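Throughout, numbering of the chain's residues begins at 1 and tracks the sequence. Because the structure is predicted, anything quoted here is derived from the model rather than measured.
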Amino acid sequence: MWRTLWRSIDRFSLQHFKHVINELRVIKVVDKLNKDLVVDLLQSIVEIVTYGDRHDPAIFECFMEYQVLGEFVRVLKISKNSRIEAPLLQYLSIMIQNMDTDNAIYYCLSNDYINSIITHQYQFDGGDLASYYVSFLRVVSCKINKDTLCLLVKVHEEAVVSFPLYSEALKFAYHGEKMIQTAVRALTLNIYNVGDDMVYQFVTAPPVSQYFSDLILSIKTQCLHLDSLVNVTDGKTGELLLETDKIVDDLYYLEDVLSVDEPRLSKMISESLISILVFPMLLPLLPLRPSNGPYVSAVTSLYVVARLLQIVQRKSLINFVASAVLYAMFSSVTDGSEVVTNSGTAQANDFANPLDEIVGPETKGAENLKMSYLLGYLSENLSLDCRFSGIPCDDTGKERGGILPHIFSDNKTLMLASLMLLLVLAESKDLDYRLAGLIGFRQTETTMQKTYNSSPPQVFDSRVFMIHLPQILRALLKVLATQPPFSVLTQWQTGWFLRKLLIFQETKLDIHDIHLFNRSYEQSCECLRKELAGCWFDYIPDTLRNEWENCKRVLEETSQRKDPFFVLELANHQLTSCGGTASILAWQKMIDAVKVYVLHLHLKAFIYRGDPFENPLRNLKSTSLAISGRKYVSDLSSASFGSEISLGSGIPCKISFSKIGMRDIYLIPIATGISGKLLLLEKHPLHSKRGVVIAIAPLAGLNPKIDENHPTWLHLQIREFDPTFDEKKLRSHRVNATNHEQDGKWTIGFTNAKACDAARLLILEETNKQRSSVESLLAPLLNISQHIANCQGD
């Protein structure tokens with residue numbers, strides 16, 4: 001008690017600091033009996049040292065004189081199953097993290113105290129000690145620089161032979177807790193960014209360098225697991241997202257390491273990426289199969305390679321993938337001794353693989369991986385004895401090799417995934433101009449001059465994909481025009497590809513392609529018209545306005561910014577109905593129809609005019625029902641729950657609620673413009689001609705029906721599903737729809753059958769008035785096709 005009182009009086013004095021240190025020194029063993037006392041002493045020391053580093057130099061001089069860090073090491077050694085390690089590491093982390101002066105940091109890292117704490121034999125038995133330990137290592141890594149790094153390494157003959165901070169951290173690189181993995185990666189990046197030459201030599205030499213190859217092997221294993229999920233037709237999107245997030249996180253970490261821009265690190269990681277991950281992933285695309293070992297399906301391969309190139313943006317990887325695709329394609333032409341001409345006759349094939357010309361003296365000065373190395377790797381691993389059997393022929397009679405069979409596959413998912421990879425390659429600023437020339441996608445003169453600091457060399461004339469572009473465009477248009485239609489996701493992504501490829505093409509679509517697109521456009525219009533008779537017609541204006549902006553955003557995305565995850569969803573058959581109530585299914589059907597229609601609006605403007613036209617949907621009125629805060633309202637359309645309104649137009653009836661039994665009410669259907677609702681009122685206790693609104697339902701979807709056995713009963717279907725235009729919430733709702741809201745049902749009783757039928761007819765009349773208003777509002781939109789078509793002749 002007296003000790004606590006004394007501490008509180010002068011907590012940060014030098015005298016008290018010495019007293020605390022002496023108390024710690026007299027402890028000869030740490031056990032369960034004195035653990036709390038030791039923890040209290042450690043906490044006091046850390047608080048006082050942190051204060052002294054900023055305010056009182058004498059305190060820190062005392063800290064150094066008394067070798068307090070040595071006491072921390074001693075406490076670790078004399079502890080006996082007291083579990084003192086976690087709090088000790090926590091307080092040390094706090095102290096080091098809060099040190100501001102260079103002298104304090106330098107002292108703490110000297111005398112090998114930190115290394116002794118790092119290499120102490122801890123018992124990581126599944127508790128939280130590992131998280132405290134790794135957190136401590138990370139804090140230390142944040143304080144190192146070129147002057148202090150040398151204090152944590154052991155050097156022999158000008159080479160680092162021991163680096164406990166790095167080596168011990170790597171033991172937790174694949175820990176089950178994500179936060180520990182993240183801390184280890186942050187620590188490694190802190191070390192790499194110091195820029196110490198001897199440390200670079202240490203981390204890139206065996207056996208320490210095994211860390212990078214193990215990381216890439218881990219990514220490869222994750223890709224195999226991802227592929228197994230993709231091929232499970234009843235898999236869940238959540239599982240796919242979780243697995244792809246793991247892969248993407250690892251790729252971003254590799255990109256962070258490569259961004260350190262250390263040649264030894266870059267070369268080692270790039271070579272490992274190519275040999276361990278990229279080349280095996282490319283095998284299904286060439287189309288070759290490895291002689292042994294597991295491999296992924298083509299769709300997964302296309303996703304992984306495209307995502308890798310988007311994240312790890314390195315010339316070596318971009319050009320290797322482009323070289324592999326082109327090399328295999330040209331090899332399929334040059335391997336045979338004869339080719340078939342357009343006339344059907346065979347002639348000798350003297351067409352040399354143009355990639356062989358790329359390996360030359362001018363590539364010898366390339367940094368990191370040379371083009372000659374890339375093509376040398378390809379020539380060694382792609383045997384010319386391999387044949388592309390069973391590949392369909394195009395109109396010229398030549399075999400399609402490389403990625404072309406996938407682009408022209410009947411599997412639309414495979415086609416879109418292949419085009420995704422192709423566009424990622426094409427839009428990369430790091431694609432070699434010679435490979436770009438072979439592919440046929442143009443780099444601007446400014447870009448090439450910036451790349452080569454002079455006028456760019458002559459490019460090849462063989463523009464492979466430009467030759468096939470008309471066929472690719474037609475295949476995409478057929479996807480849009482297919483009946484029954486493909487999923488909305490497929491159509492939106494197809495529209496994105498169509499727009500991208502039209503940008504690359506110098507001429508417009510021919511007359512046959514225009515006819516094909518117009519047919520697809522009319523189909524989208526017809527689907528939208530059908531939704532005007534559905535139970536969600538009142539939300540069509542809001543949905544159109546919302547989806548216009550969504551679609552515009554999607555169509556204007558660049559390949560480097562677009563996540564190709566959609567190809568995995570398509571391959572995994574995630575686009576089937578999720579089940580649920582009738583109104584939820586009808587809602588999704590309406591959303592899908594609007595999405596497809598809006599996509600066609602955008603594409604039609606782009607095809608005919610070459611640029612988007614002014615948003616025709618921005619002036620659409622909102623469908624949301626008006627809400628009034630007034631107690632008494634004369635305008636029925638502004639009535640809300642609890643409002644008082646006149647009963648003049650109300651139809652008397654009864655309704656039974658499960659908790660409060662039968663109640664006498666009045667029913668009023670009201671449509672105002674594109675808004676409509678059904679009001680249930682109870683007579684006001686003080687005003688006989690007024691009623692209080694006790695329930696409100698949307699007119700759309702009521703579907704009033706008279707009970708077959710009780711002609712005085714009117715059944716109404718109430719939409720309980722609450723629509724939202726938040727895409728994240730909407731996706732979540734689709735996943736869990738079967739477990740949530742069910743459509744409500746009201747049964748209204750009337751005095752006789754005639755009154756019941758009159759109420760039904762009145763509800764239908766008001767609903768039709770509302771529908772007519774929506775139809776009138778949308779009528780100009782359905783005539784946009786003629787407006788745009790007229791622009792074609794301008």
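A donor-acceptor pair under 3.5 Å is absent between the side-chain atoms of S428 and the main chain of V424, judged by distance alone. Side chain of E547 to main chain of V594: no donor-acceptor pair is present (N/O by atom type, distance under 3.5 Å, no hydrogens or angles). Under the 3.5 Å distance criterion, the side-chain polar atoms of Y521 are left unmatched by any main-chain donor or acceptor of L601. Between the N319 side chain and the D432 main chain, a donor and an acceptor come within less than 3.5 Å of each other. Here the side chain of Q310 pairs no donor or acceptor atom with the backbone of D563 at under 3.5 angstrom.
Contact between S409 and L414 at its shortest, heavy atoms only, is OG-CD2, 3.8 Å. The two residues R499 and L555 come nearest to each other via the heavy atoms NH1-O, 3.1 Å. A pairwise comparison of heavy atoms in Q523 and A481 identifies OE1-O, 3.4 Å as the closest pair. When every heavy atom of A173 is checked against every heavy atom of Q181, the shortest pair comes out as O-CG, 3.5 Å. Closest of all the heavy-atom pairs between L240 and L568 is CD1-O, 4.0 Å. For the residue pair L282 and A324, the shortest heavy atom distance occurs at CD1-CB, 3.7 Å.
Here D245 pairs with nothing under the salt bridge (Lys or Arg N to Asp or Glu O under 4.0 Å) rule; sequence neighbours left out. Remark: D214 engages Q210 in a side chain to side chain donor-acceptor pair (under 3.5 Å) (not counting sequence neighbours). Contacts of A186 classified as side-chain contact (heavy atoms from CB on, under 4.5 Å), with partners at least two apart in sequence or in another chain: R138. Every residue was checked against the ring pair (Phe, Tyr, Trp, His ring centres under 6.0 Å) condition with F497, not counting sequence neighbours, and none meets it. Contacts of V596 classified as side-chain contact (heavy atoms from CB on, under 4.5 Å), with partners at least two apart in sequence or in another chain: V488, Q491, S524, H600. Listed by chain and residue number, K429, Q560 satisfy the side-chain contact (heavy atoms from CB on, under 4.5 Å) test with Q313 (two or more places apart in sequence, or in another chain). Residues forming a side-chain contact (heavy atoms from CB on, under 4.5 Å) with D250 (at least two apart in sequence, or on another chain): R185, L215, I219, Q222. Residues passing the side chain to side chain donor-acceptor pair (under 3.5 Å) test with R264 are D197, Q201, E262, sequence neighbours excluded. Applying the salt bridge (Lys or Arg N to Asp or Glu O under 4.0 Å) criterion to D513, with sequence neighbours excluded, gives R474. Residues passing the salt bridge (Lys or Arg N to Asp or Glu O under 4.0 Å) test with K220, sequence neighbours excluded: none. For H225, the side chain to side chain donor-acceptor pair (under 3.5 Å) partners two or more places apart in sequence, or in a different chain, are E243. Residues forming a side chain to side chain donor-acceptor pair (under 3.5 Å) with S418 (at least two apart in sequence, or on another chain): none.
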- Message: If you apply the rule side chain to side chain contact (heavy atoms under 4.5 Å, CB included), what do you find for T494 with L599, and how did you get there?
- Response: CA-CA 10 Å; T494 300; L599 170 68; over 6 Å; no
- Task: Starting from the C-alpha separation in whole Å, work towards a yes-or-no answer on side chain to side chain contact (heavy atoms under 4.5 Å, CB included) for T558 and E427.
- Result: CA-CA 8 Å; T558 67; E427 292 190 352; 3.8 Å; yes
- Message: Set out, in order, the CA-CA distance, both residues' side-chain angles and the distance that settles salt bridge (charged side-chain N to carboxylate O under 4.0 Å, His left out) for R553 and E557, then state yes or no.
- Response: CA-CA 6 Å; R553 225 170 13 247; E557 283 181 325; over 6 Å; no
- Take T244 and R307, measure what side chain to side chain contact (heavy atoms under 4.5 Å, CB included) needs, and give me the verdict at the end. CA-CA 10 Å; T244 55; R307 203 72 180 104; over 6 Å; no
- Go through the steps for N518 and K604 under the test side chain to side chain contact (heavy atoms under 4.5 Å, CB included), then give the verdict. CA-CA 8 Å; N518 285 340; K604 199 169 185 71; 2.6 Å; yes
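Considering OG of S259 and CZ of R314, their distance stands at 4.5 Å, rounded to 0.5 Å. Rounding to the nearest 0.5 Å gives a distance of 9.0 Å between CG of D256 and OG1 of T188. Atom-to-atom distance recorded for S213:OG and L273:CG is 11.0 Å, nearest 0.5 angstrom. L423 contributes atom CG, which lies 5.5 Å from atom CG of L501 (distance to the nearest 0.5 angstrom). Rounding to the nearest 0.5 angstrom, the gap separating the CD1 atom in I276 from the CD1 atom in I274 is 11.0 Å. Atoms OG and NZ, from S272 and K267 in turn, are 9.5 Å apart once rounded to the nearest 0.5 Å.
Counting only heavy atoms from C-beta outward, the side chains of T237 and E569 approach each other to under 4.5 Å. Looking only at side-chain heavy atoms (C-beta outward), L258 and L265 stay at 4.5 Å or farther from each other. S559 is listed as a side-chain neighbour of W496, based on a closest heavy-atom distance under 4.5 Å. Using a 4.5 Å heavy-atom cutoff, the side chains of L476 and L416 are in contact. Side-chain contact between V299 and Y303: absent, with no pair of heavy atoms (C-beta onward) separated by less than 4.5 Å. You'll find the side chain of L189 reaches within 4.5 Å of the side chain of Y253, heavy atoms only. Contact annotation: the side chain of L421 approaches that of L309 to within less than 4.5 Å [non-hydrogen atoms, C-beta and beyond]. By the 4.5 Å heavy-atom criterion applied to side chains, Q493 and L489 are counted as neighbours.
Of the options L603, T490, L516, a side-chain contact (heavy atoms from CB on, under 4.5 Å) to L480 is made by L603 and by none of the others.
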